[in-house]
> 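So that we are looking at the same thing, I have put the structure below in structure tokens.
A note on names: the letters A, B, ... follow the listed sequences, proteins ahead of strands, and every chain is numbered from 1. Basis for what follows: all heavy atoms, side chains included, without hydrogens, waters or symmetry-related copies.
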There are 2 protein chains.
Amino acid sequence: MVEYKDTDEDLSLILKAASDPTRRALLTMLVQQGPTRVTDLAANFDLSLNSVSKHIRILETAKLVERKTIGRTHLISANLAPINLIDQWFNNLRSIWDLRLDKLDSLLTKETDDD
Amino acid sequence: MVEYKDTDEDLSLILKAASDPTRRALLTMLVQQGPTRVTDLAANFDLSLNSVSKHIRILETAKLVERKTIGRTHLISANLAPINLIDQWFNNLRSIWDLRLDKLDSLLTKETDDD
DNA sequence: CCAATATTCAACCCTTTGGGTGAATAAAAT
DNA sequence: ATTTTATTCACCCAAAGGGTTGAATATTGG
């Protein structure tokens with residue numbers, strides 16, 4: 001049976017957070033504009049402020065954004081660092097892939113040697 | 001207002017497909033073992049065959065796996081190509097980020113020149 | 001103190017998702 | 001021809017997602 005490591009949970013959160021187009025758009029805006037208030041972010045969407053607030057919370061849980069609260073205004077800023085976890089996952093997959101192809105290759109070479 | 005491009009839909013599918021740990025485990029197995037039958041994949045999980053079959057369908061929709069049907073057996077194989085879309089998205093974000101930092105930097109430099 | 005502003009909390013609605021079971025289909029084996 | 005094997009289809013269910021509205025909270029401005 002396959003068990004899931006705890007680090008996988010972070011990756012799941014990040015991928016799920018990134019899988020929604022509204023949240024990706026939010027991230028893009030933040031990356032372009034730097035720290036931005038929730039209200040100003042929401043102004044760009046045809047969505048209630050509440051909805052945008054929830055999306056931000058989800059990005060925050062995945063640590064893709066950070067919040068700096070100054071009085072009543074919450075400044076949200078992007079944090080791209082966690083995306084490296086995706087990269088790691090992908091690179092790991094690729095290396096496993098390459099490993100298998102190497103084995104296949106040496107098998108074929110052996111057969112050729114046997115000729 | 002922000003509108004969403006059609007290519008974004010592919011990216012959403014890929015990220016959502018990848019966001020589930022069972023599906024990532026399936027991908028890993030496929031990358032390790034090469035083309036594998038649905039039943040053999042399912043044997044590694046404490047899940048019904050049906051459930052695994054559904055996960056595979058989702059991966060297939062995201063084009064992260066391919067299916068080759070030979071008689072009654074369906075051989076599933078990994079296809080890592082779509083993950084490059086994630087990479088592209090990320091690199092795009094980073095370049096936007098760098099652009100903004102450059103602008104900030106030149107602003108600060110200007111101010112220094114004014115001294 | 002009072003009004004306006006910025007944001008979240010709480011409740012509610014659909015729709016989607018991830019799981020299950022049992023039947024259907026199709027191919028292989030006996 | 002019948003049974004076994006491989007897989008999906010059709011439902012069902014509980015939980016999670018993404019959206020809404022209205023109230024609550026907290027801070028700022030007059």
> Which listed nucleotide (D/dT20, D/dT7, C/dG19) is nearest to the side chain of B/V38?
D/dT7

> In this structure, how many angstroms lie between the C1' atom of D/dG17 and the CD1 atom of A/I56, rounded?
17 Å

> Which whole-number value in Å describes the distance from A/R67 CZ to C/dT7 C1'?
8 Å

> Applying side chain to side chain donor-acceptor pair (under 3.5 Å), can you list everything that pairs with B/D102, at least two apart in sequence or on another chain?
none

> Please lay out, stage by stage, how B/L101 and B/L104 fare under the test side-chain contact (heavy atoms from CB on, under 4.5 Å).
CA-CA 5 Å; B/L101 290 196; B/L104 260 180; 4.2 Å; yes

> For residues 56-67 of chain A, which side-chain donor-acceptor pairs fall under 3.5 Å, sequence neighbours excluded?
from  : atom 1 : to    : atom 2 : distance (Å)
A/R57 : NH1    : A/E60 : OE1    : 3.1
A/E60 : OE1    : A/R67 : NE     : 3.2
A/E60 : OE1    : A/R67 : NH2    : 2.8
A/E60 : OE2    : A/R67 : NE     : 3.1
A/T61 : OG1    : A/R57 : O      : 3.0
A/R67 : NH1    : A/H74 : ND1    : 2.9

> Are A/F90 and B/D87 side-chain neighbours, meaning at least one heavy-atom pair lies under 4.5 Å?
yes

> Polar atoms only, N or O, under 3.5 Å: list the protein pairs with nucleotides 15-18 of chain C and their distances.
from   : atom 1 : to    : atom 2 : distance (Å)
C/dG18 : OP1    : B/R23 : NH2    : 3.4
C/dG18 : OP2    : B/R23 : NH1    : 3.2

> Summarise protein proximity over nucleotides 22-30 of chain D in one line of letters, 5' to 3': B for base, S for sugar-phosphate only, - for none, counting protein heavy atoms closer than 4.0 Å.
B----BS--

> What is the distance, to the nearest angstrom, from the CZ atom on A/R57 to the C1' atom on C/dT8?
8 Å

> How would you list, by chain and number, every residue that makes a side-chain contact (heavy atoms from CB on, under 4.5 Å) with B/S95, sequence neighbours excluded?
B/N92

> Is the distance from OP1 or OP2 of C/dG20 to the nearest side-chain N or O of B/S48 less than 4.0 Å?
yes

> Check step by step if side chain to side chain donor-acceptor pair (under 3.5 Å) holds for B/R24 and B/S19.
CA-CA 8 Å; B/R24 284 200 303 278; B/S19 74; 6.0 Å; no

> When the distance from CG of A/L49 to C1' of D/dG18 is rounded to whole Å, what number comes out?
15 Å

> Find the distance A/D40:CG to C/dT7:C1' and express it as a whole number of Å.
13 Å

> Determine whether B/R94 and B/W89 make a side-chain contact, defined as any pair of heavy atoms from C-beta on separated by less than 4.5 Å.
no

> Taking the side chain as every heavy atom from C-beta outward, state whether B/V52 and B/T39 have any atom pair closer than 4.5 Å.
no

> Sort and list the pairs that fulfil salt bridge (Lys or Arg N to Asp or Glu O under 4.0 Å) and have at least one residue in residues 31-44 of chain B, not counting sequence neighbours.
B/R37-B/D40

> Verify the contact: side-chain N or O of B/H74 to OP1 or OP2 of D/dA6, cut-off strictly under 4.0 Å; return yes or no.
no

